[in-house]
Q: 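One structure follows; several queries about it will come next.
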Amino acid sequence: MKMSTDLEKKFQSQITLELAAFATYRQLAVEADEQDLPGIAAWLQAQAEEELVHANKFIAHVSDRGNHAQIGTIAAPEVAPGLSVLAIFEAALAHEEKVSESIRELYRSADKEGDLDSVPLLQWFIDEQIEEESTVSEIIGRVKRVGGDGSGILRLDAELGARTPAVSDEE
């Protein structure tokens with residue numbers, strides 16, 4: 001069943017936001033790499049790739065419904081050079097919170113229109129965002145715990161670098 005033009009536009013905005021999330025995580029990965037933190041950079045890069053998977057899920061949903069998936073303008077990520085590790089993850093959390101609220105708003109719009117076909121996808125994303133925010137919040141807590149201790153940051157770097165990228169349709 002084709003979605004309304006209004007809902008189609010909201011999905012298009014979400015596609016654009018997911019791609020902006022990709023760009024943000026990619027820039028954060030660059031910042032970590034510039035600080036010789038390859039594990040943190042790899043973790044952030046894996047997050048960036050996950051955002052591409054998310055954008056593609058939304059694109060497929062819109063297209064499968066007989067609507068037109070459209071990517072809007074993606075602004076350059078607002079990531080200042082030389083961020084501390086704490087600031088890197090705080091920026092990641094802020095972006096995740098923005099994405100979460102956008103998905104909740106999209107869910108509310110679909111619900112208001114009675115668009116039951118979007119509910120399973122949007123519920124999956126709501127669950128995913130809870131997990132994403134929790135993970136980044138936990139990392140922030142750990143960064144705060146080690147403070148400026150270089151060995152603690154290097155240990156976290158090694159741990160985050162051990163993450164196996166899980167980029168698939170299941171993601």
Side-chain angles (χ1 to χ4, degrees), residues 1-29 31 40 42-80 83 86-144 160 163-171:
M1 174 178 135
K2 198 167 183 168
M3 64 181 72
S4 71
T5 303
D6 184 53
L7 197 55
E8 176 185 59
K9 287 178 184 175
K10 290 176 181 177
F11 268 89
Q12 291 169 344
S13 293
Q14 189 65 41
I15 290 165
T16 303
L17 184 58
E18 296 291 338
L19 292 171
F22 161 78
T24 298
Y25 269 116
R26 184 63 188 103
Q27 187 62 52
L28 292 170
E31 294 307 315
I40 291 172
W43 189 90
L44 292 162
Q45 177 61 36
Q47 286 297 111
E49 292 168 10
E50 223 176 78
E51 299 301 339
L52 286 177
V53 170
H54 294 172
N56 285 330
K57 280 181 170 282
F58 281 112
I59 288 168
H61 180 76
V62 171
S63 295
D64 289 350
R65 298 277 304 276
N67 291 84
H68 185 75
Q70 178 76 37
I71 298 169
T73 303
I74 301 167
E78 295 180 16
V79 176
L83 291 177
L86 178 59
I88 285 171
F89 284 104
E90 287 174 337
L93 181 59
H95 205 77
E96 289 294 353
E97 289 169 343
K98 180 178 179 179
V99 169
S100 294
E101 182 52 35
S102 179
I103 291 168
R104 287 190 294 270
E105 185 55 38
L106 188 54
Y107 186 100
R108 287 188 280 271
S109 295
D111 186 52
K112 183 178 176 184
E113 289 193 21
D115 188 327
L116 298 176
D117 297 333
S118 294
V119 170
L121 175 72
L122 295 172
Q123 186 59 58
W124 183 90
F125 272 105
I126 288 169
D127 294 342
E128 175 74 4
Q129 286 306 119
I130 290 169
E131 179 186 326
E132 296 295 333
E133 286 185 33
S134 175
T135 299
V136 177
S137 292
E138 180 182 304
I139 293 169
I140 288 171
R142 295 178 71 209
V143 170
K144 286 180 178 178
L160 292 177
R163 173 187 181 182
T164 338
V167 179
S168 71
D169 285 341
E170 298 304 311
E171 216 13 72

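What's counted below: heavy atoms across the whole structure, side chains too, no hydrogens, waters or symmetry copies. Being a predicted model, the structure only gives us computed values, none of them experimental.
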Q: Please name all residues satisfying side-chain contact (heavy atoms from CB on, under 4.5 Å) with Lys112, sequence neighbours left out, ordered by chain then number.
A: none
Q: Taking side chain as C-beta onward, heavy atoms only, is Tyr25 less than 4.5 Å from Val79?
A: no
Q: side-chain contact (heavy atoms from CB on, under 4.5 Å) with Gln70: which residues, sequence neighbours excluded?
A: Gln12, His68
Q: Could you measure the distance from the OG1 atom of Thr135 to the CH2 atom of Trp43? Nearest 0.5 Å is fine.
A: 6.5 Å
Q: Working note: Leu83 + Leu28, criterion side-chain contact (heavy atoms from CB on, under 4.5 Å); need CA distance, chi angles, decisive distance, verdict.
A: CA-CA 9 Å; Leu83 291 177; Leu28 292 170; 4.0 Å; yes
Q: Work out which heavy atom in Pro77 is nearest to a heavy atom in Ala23; give both atom names and the distance.
A: CG-O, 3.3 Å
Q: Do Phe89 and Leu44 have side-chain heavy atoms sitting under 4.5 Å apart?
A: yes
Q: Working to the nearest 0.5 angstrom, can you tell me the gap between Leu122 CG and Asp117 CG?
A: 11.0 Å
Q: Could you state the interatomic distance from OG (Ser134) to CD1 (Ile139), rounded to the nearest 0.5 Å?
A: 10.0 Å
Q: Begin with the C-alpha distance, continue with both residues' side-chain angles, and end with the deciding distance and a verdict on salt bridge (charged side-chain N to carboxylate O under 4.0 Å, His left out) for Glu128 and Lys57.
A: CA-CA 13 Å; Glu128 175 74 4; Lys57 280 181 170 282; over 6 Å; no
Q: Show the numbers, then the answer: is there a side-chain contact (heavy atoms from CB on, under 4.5 Å) between Asp115 and Ser4?
A: CA-CA 9 Å; Asp115 188 327; Ser4 71; over 6 Å; no
Q: Which pairs with one or both residues in residues 93-121 pass ring-ring contact (aromatic ring centres under 6.0 Å, His included), sequence neighbours excluded?
A: none
Q: How would you list all residue pairs meeting salt bridge (Lys or Arg N to Asp or Glu O under 4.0 Å) that involve residues 8-18, not counting sequence neighbours?
A: Asp6-Lys10
Q: Measuring only between side-chain heavy atoms, which start at C-beta, is Phe11 closer than 4.5 Å to Leu121?
A: yes
Q: Atom CD of Gln45 and atom CD1 of Ile40: how far apart are they, to the nearest 0.5 Å?
A: 14.5 Å
Q: Looking at side-chain heavy atoms only, is the closest gap between Trp124 and Val119 below 4.5 Å?
A: no
Q: Determine, for Arg104 against Asp111, whether the closest basic-nitrogen to carboxylate-oxygen distance falls under 4.0 angstrom.
A: no
Q: I'd like to know if the side chain of Asn67 and the backbone of Met3 have a donor-acceptor N/O pair within less than 3.5 Å.
A: yes
Q: Yes or no on side-chain contact (heavy atoms from CB on, under 4.5 Å) for Arg26 and Glu51, after CA distance, side-chain angles and deciding distance?
A: CA-CA 10 Å; Arg26 184 63 188 103; Glu51 299 301 339; over 6 Å; no
Q: Check whether any side-chain heavy atom of Leu52 lies under 4.5 Å from a side-chain heavy atom of Leu19, and answer yes or no.
A: yes
Q: Of the non-hydrogen atoms in Ala110 and Leu7, which two are nearest, and what is the gap between them?
A: N-CD1, 3.9 Å
Q: Side chains of Ile140 and Leu93: closer than 4.5 Å at any heavy-atom pair?
A: yes
Q: With distance as the sole test, does Arg65 use its side chain to make a donor-acceptor pair with the main-chain N or O of Met1 at under 3.5 Å?
A: yes
Q: Does some side-chain heavy atom of Glu49 sit less than 4.5 Å from a side-chain heavy atom of Val53?
A: no
Q: Got a second to check how far Ser137's OG is from Glu97's CD, nearest 0.5 Å?
A: 7.0 Å
Q: Measure the CD1-NE2 distance between Ile15 and His61 for me, rounded to the nearest 0.5 Å.
A: 9.5 Å
Q: Tell me, please, which residues at least two apart from Glu78 pass side-chain contact (heavy atoms from CB on, under 4.5 Å).
A: none
Q: Could you tell me whether the side chain of Leu106 reaches within less than 4.5 Å of the side chain of Phe58, counting heavy atoms only?
A: yes
Q: Given 3.5 Å as the limit, does a donor-acceptor pair link the side chain of Gln129 with the main chain of Glu96, or not?
A: yes
Q: List in chain and number order the residues that pass side-chain contact (heavy atoms from CB on, under 4.5 Å) with Asn56, two or more places apart in sequence or in another chain; answer none if no residue qualifies.
A: Ile59
